[in-house]
Amino acid sequence: MTGTAPLVDRIGLGMAGGRAARAPDGPSSPGSLGLRIALAAVAIVLLWALPRWPGEAPALAPAAPTAAEVAFVPSMRASPAPPAASVAQFGLAEPGLDPVRVTARVDPRTGLREDTLTRGDVAAIEAPALRVQLTRGAVSGPPPTLFVLMARRAANGPALDRPALAVARTGARGQIRTKFGGIETLEVTFAGPAQRTCTGFVTRDTAFQLDGWLCAPLARPPEPQALGCTLDALSLVDLADADATAAFAALPDAAGACPLAAVPEPQGRTGSLIRRPQNKK
């Protein structure tokens, strides 16, 4: 064993020249031999118990933590689930050949509630098409322009199972009066599955926001009176929002000459686009 000779020689094991060999007791003494054996055993135990000299043994790598000791840390936070929208009845009291579809959600980014009503398809130019979005909640910042609103709503078609559209160009601006007060309008031409010119609109006198577009058949924009009658025919019943419910329940202007929604419509005529009063010459 390396490094053991001096220690063995010091305690003496009968080696030549060792201190034990020169002791007064001879090698054949029984007491001296037993003492040597005991000291040698102690020396061997000490040599194995003491740490090795520096540099003799390689450093051991720390043991890898077990699976139970490693905490799971997700790489990114899970997106919060959008809050559920309360039950509300958003409808259109105006007969038509196409069914009315309504969806509701709460935007998780802004907390605004969005109820969207659609009828018809913008790509079907032979029939009218309507899209109305009711937005409620605290809005931060100035309201977007009508052009920006139309571009956003058009691009968001896939959220309503509709193809995405783009605003190809805009035309004349205007304003109409409805039971919701003043309505800002803008002639908009959409590009998508079919190019179609419609009238975009947005409310400016209400605590909530109504915006969307109405498209008349044969790619022509609807007349202002047709748009006003369609908006007057909108209805809402939301027990959690008495103010908005009351605004939708308001009676239209009696001078508007819009037909009552309860009046049955002859077959083959669609909505207020054709039911508007005709000026006879």
Provide the closest heavy-atom pair for [X] versus [Y] in the form atom of the first, atom of the second, distance.
{"X": "Pro158", "Y": "Pro163", "answer": "CD-C, 4.4 Å"}
{"X": "Glu94", "Y": "Ala233", "answer": "CB-CB, 4.0 Å"}
{"X": "Pro144", "Y": "Val148", "answer": "CB-CG1, 4.1 Å"}

Does the side chain of [X] reach to within under 4.5 Å of the side chain of [Y], using non-hydrogen atoms?
{"X": "Thr203", "Y": "Asp211", "result": "no"}
{"X": "Leu134", "Y": "Val132", "result": "no"}
{"X": "Thr189", "Y": "Thr170", "result": "no"}
{"X": "Met150", "Y": "Cys198", "result": "no"}
{"X": "Leu160", "Y": "Thr116", "result": "yes"}
{"X": "Ile183", "Y": "Val202", "result": "no"}
{"X": "Glu114", "Y": "Arg105", "result": "yes"}
{"X": "Pro221", "Y": "Glu187", "result": "yes"}

Under the 3.5 angstrom rule, does the side chain of [X] hit a backbone N or O of [Y] as a donor-acceptor pair?
{"X": "Thr245", "Y": "Asp238", "answer": "yes"}
{"X": "Arg162", "Y": "Asn156", "answer": "no"}
{"X": "Arg196", "Y": "Leu218", "answer": "no"}
{"X": "Arg119", "Y": "Asp98", "answer": "yes"}
{"X": "Asp205", "Y": "Gly182", "answer": "yes"}
{"X": "Lys179", "Y": "Leu234", "answer": "yes"}

CG of Leu92 to OG of Ser235: how many Å apart, nearest 0.5 Å?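 Result: 7.5 Å between the selected atoms.
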
Distance, nearest 0.5 Å, that separates CZ of Phe180 from CD of Gln209:
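One finds 13.0 Å between CZ of Phe180 and CD of Gln209.
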
When the ring planes of Phe190 and Trp213 are compared, do they come out parallel, tilted or perpendicular, using 30° and 60° as the limits?
->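 Phe190 vs Trp213 ring planes: tilted.
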
(request) Show your working on side-chain contact (heavy atoms from CB on, under 4.5 Å) between Leu186 and Glu184 and close with a plain yes or no. (result) CA-CA 7 Å; Leu186 175 66; Glu184 181 184 344; over 6 Å; no

- Message: What I want to find out is whether Asp115 reaches Arg136 closely enough, with some N-O distance under 4.0 Å, to be called a salt bridge.
- Response: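 Between Arg136 and Asp115 there is a salt bridge, with a charged N closer than 4.0 Å to a carboxylate O.
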
Between Thr185 and Thr199, is any side-chain donor less than 3.5 angstrom from a side-chain acceptor?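 Not at all, the side chains of Thr185 and Thr199 share no donor-acceptor pair under 3.5 Å.
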
Within one Ile-Leu-Val-Met-Phe-Trp-Tyr cluster: [X] and [Y], side-chain cutoff 4.5 Å:
{"X": "Val167", "Y": "Val122", "answer": "yes"}
{"X": "Leu117", "Y": "Leu112", "answer": "no"}
{"X": "Ile176", "Y": "Val188", "answer": "no"}
{"X": "Leu165", "Y": "Leu146", "answer": "yes"}
{"X": "Leu231", "Y": "Leu149", "answer": "no"}

TODO: Assert yes or no for the condition that the ring centre distance of Phe208 to Phe248 is strictly below 6.0 Å.
DONE: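 Aromatic pair counts; centres sit under 6.0 Å.
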
Item to complete: Would you indicate whether Arg173, at its atom CZ, is surrounded by more than 12 heavy atoms from other residues, nucleotides or ligands within a distance under 6.0 Å?
Response: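 No, because the 6.0 Å sphere around CZ of Arg173 holds 12 heavy atoms or fewer from other groups.
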
Would you say CZ of Arg220 has more than 12 non-hydrogen atoms from neighbouring residues, nucleotides or ligands within 6.0 angstrom?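 Counting neighbours around CZ of Arg220, 12 or fewer heavy atoms of other residues, nucleotides or ligands fall under 6.0 Å, so no.
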
